[in-house]
S.K.: 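The structure's right below; bear with me while I get my questions together.
Indexing begins at 1, ligand by ligand and atom by atom, following the structure's order. Since this is a predicted model, take the numbers as computed values, not measurements.
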Amino acid sequence: MVQIFLDTASLSEIEEFVKWGVADGVTTNQKIFLSEGGVDFKQRILDICDLVHGPISVETTKSTVSDLLAEGREYASWHKNVVVKVAMYGDGRGLQVVNQLSKMGIRTNMTVMMTYNQLILAAKAGASYVSLFYNRSKEAGENPLQIIRDYVATAKESGLASRLIVGSIRTPEDVSVSMAAGAHILTVPTKILRQMPSNKRSEETIAEFDKAWQDFLAIKK
Ligand code: E4P
């Protein structure tokens with residue numbers, strides 16, 4: 001069953017979509033927190049953990065392997081549902097951090113990935129989740145839909161356990177094509193999620209049925 005994570009740190013937005021019954025988890029990053037203004041970082045993560053009883057991705061921000069490991073262990077200690085996000089650095093330090101955290105039993109989400117090779121390395125390093133940035137991958141000249149298909153096929157054939165999250169979503173169509181390509185999880189900004197139930201023909205049909213019902217009620221018995 002495909003899962004939807006909310007790509008936000010806004011409590012009001014999370015509360016809104018939890019009511020829809022569609023929120024399986026949450027992903028956050030430094031840019032998302034910048035848009036939240038001067039909130040208390042740890043308290044906001046804990047508040048999110050209270051709202052969504054699923055994986056809550058919290059991104060590491062340090063630079064060295066030792067600092068990233070310490071930061072990841074700290075975040076993981078905050079709540080059982082915290083998943084530690086580690087970026088795919090070109091020098092492999094992120095892979096080293098993910099590999100060590102996974103050996104400690106800490107769930108990780110390897111992130112900021114644009115290519116098939118990056119996803120495979122992250123999965124082999126032991127990442128619980130591997131995040132493909134759909135639109136940024138496209139901007140990098142890649143074919144993210146083919147990458148999704150290839151990763152899902154390779155993971156199935158090779159028994160890779162890492163679940164593929166597709167992020168960097170900018171339209172409802174990005175969601176549907178990624179899901180259709182086999183993505184395990186879509187992490188969707190709330191402004192996109194809010195558009196997804198809407199369809200002009202659905203609204204027209206609802207109005208047509210409403211009128212028919214009023215006409216039915218008006219028939220003199
Ligand atoms: C999710 O985990 C990513 O951090 C997020 O979807 C990135 O989106 P952007 O490419 O719009 O910054």
S.K.: Check side-chain hydrogen bond (donor to acceptor under 3.5 Å, both in side chains) between S158 and all other residues, then give those that pass, not counting sequence neighbours.
M.R.: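 S158: no side-chain hydrogen bond (donor to acceptor under 3.5 Å, both in side chains) contacts found.
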S.K.: Less than 6.0 angstrom separating the ring centers of F41 and Y75, yes or no?
M.R.: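 They qualify: ring centres under 6.0 Å apart.
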S.K.: Hey, are K211 and D215 close enough for a salt bridge, meaning a charged N less than 4.0 Å from a carboxylate O?
M.R.: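 So K211 pairs with D215 through a salt bridge.
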S.K.: Quick one: does S128's side chain have a donor or acceptor within less than 3.5 Å of a partner on N109's backbone?
M.R.: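 No, S128 side chain to N109 backbone: no donor-acceptor pair under 3.5 Å.
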S.K.: Around ligand 1, what residues show up once you keep those with a heavy atom under 4.0 Å from it?
M.R.: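 Its neighbours under 4.0 Å (heavy atoms only) are D7, T27, N29, K31, K85, F133, R136, G167, S168, R170, T187, given by chain and number.
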S.K.: When you check the side-chain N and O atoms of Q146 and R149, is any donor under 3.5 Å from an acceptor?
M.R.: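 The criterion, which ignores hydrogens and geometry beyond distance, is satisfied for R149 and Q146.
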S.K.: Taking S137's backbone N and O only, do any of them form a donor-acceptor pair with E142's side chain (distance below 3.5 Å, no angle check)?
M.R.: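 Such a contact is absent between E142 side chain and S137 backbone.
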